[in-house]
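Report on one structure; see the data block that follows.
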Amino acid sequence: MIEGNALREGIHWVGYVDWSVRDFHGYHTARGSTYNAYLVRDAKTALIDTVKGPYAADLLRHVAAYVDPANIDYIVCNHAETDHAGALGEVLQACPRAEVVCNEKCRAALSLHRDTSAWRFRVVRDGETLSLGRRTLQFIDTPMVHWPESMFTYLPEEKILFSMDAFGQHYASSRRFDDEESLDVVLAEAKTYWANIVMPYGKQVAAVLEKAATLDIETIAPSHGIVWRKNLPAILAAYKDWAVCRPHAKVLIAYDTMWGSTAKMARAIEEGATKQGGAEIRVHFIRASNITVLATEILDAATVALGSPTLNRTMMPEMGGLLTYYKGLRPLGKAGFAFGSYGWAKNGPNDVDAALKDLKFERLREPLTANYVPDDSVLDACRDAGAHLARKAVEMAEAFEG
Amino acid sequence: MKEYACNVCSYVYDPALGDPGNGIAPGTPFEDLPDDWVCPECGVGKDEFSPLED
Ligand SMILES: [Fe+2]
Ligand SMILES: [Fe+2]
Ligand SMILES: [Zn+2]
């Protein structure tokens, strides 16, 4: 077990594998997660990040396999969020001589979470280095990836980037490295992680990637999931695409429905899009799906059709929740339209349409509506609109490549 | 016209560019931004901005 956790001689993973977490502040973590912490032993001993609060004892037990925690000199805090710094207070009690190494914003954020008056901080600036003996830690501010105080820690002698949430995945495994795992699975979880955690900060990520391009990196050790040591080109290329929400020839159809009319419209849109060909079509009944999956689906979709009937003078609440989630995530450069059935007022589909406008999506048509139940002419219009979505998706993907 | 940086996320408001995505025309000085304008990157208010030294 211990050898499997070695990144290098004297550098070990000492985090916690959370097999059973399924709700990470609303993110549906279907495959659990890990909170990664790393121990670097040199003339000085540094712990890079900690874990979620309840797992402090597990972290300390993992550390103790290599070194008495009382001998830790530095605890680097790359990110003040509770899943990485929650255990810091308890860990510090076992590490009486440890200094907390972080930037000023992180110090402030940590101190707003708890009483840190007894902590010893070593506040570092962007680019600053800290020698551990043979090896050096270098700190790189990465504001908004994921919080304002976030930073990377780089270890130049070993070419390791401790990248905090960036490049992470909510993925529990007994293995630590990407070459021990199916790349498809790890990339899929990295994509879900990106879509749900990082998407609002695409611009900042692009800036960080530029900064990182100047570093010589062989290993990327994030604070969740699997460590990248083999497939760096794959994950870096994926991040480049995700940072700009690169559209694929993909159509997303997501809807809610009361008595099946909006579902019928969704299926007719799907039929038209499928018949048109050329694009991948994804259909989700929102209440049988979840916002985590739907965030991931929209990331690389080019076009979308979002449907809700009118309920209580507006759209249905699950659609409202999804659109609120999208509003925060800010997927860029999508095109599409709203659809749905209504009895006497078109507020449901119209409110979805207004939300698409607010999202700055290109609206391809007026909301497509059915009075109570879609008749043949409405279903034909749905098929036409679906074909349009597929054609447009292919165009957008090609235009992006060209 | 002075540029202002967001204390939280480091976004820079450049008056020459404005914030057209949020209805702010190019050429709008920071001082003239409406009170409900927020950082387009992280969402904090105008009081979280500081003038950039030149
Ligand atoms: Fe985070
Ligand atoms: Fe995290
Ligand atoms: Zn900001």
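Chain naming here is simple, since letters A, B, ... match the order of the sequence lines and numbering starts at 1 in each.
Shown here are the side-chain contact (heavy atoms from CB on, under 4.5 Å) partners of B:P51, two or more places apart in sequence or in another chain: B:K2, B:Y4. Listed by chain and number, the residues in a side-chain contact (heavy atoms from CB on, under 4.5 Å) with A:A302 are A:P247, A:A393, A:M396 (sequence neighbours excluded).
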Give every donor-acceptor pair between chain B and chain A closer than 3.5 Å, one pair per line, or write none.
from, atom 1, to, atom 2, distance (Å)
B:N7, O, A:K105, NZ, 2.9
B:V8, O, A:K105, NZ, 3.0
B:G21, O, A:K360, NZ, 3.1
B:P40, O, A:R330, NH1, 2.4
B:E41, O, A:R330, NH2, 3.0
B:E41, OE1, A:Q204, NE2, 3.2
B:E41, OE2, A:K203, NZ, 2.7

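Across B:C6, B:C42, B:G21, the residue that shares the most heavy-atom pairs under 4.5 angstrom with chain A is B:G21.
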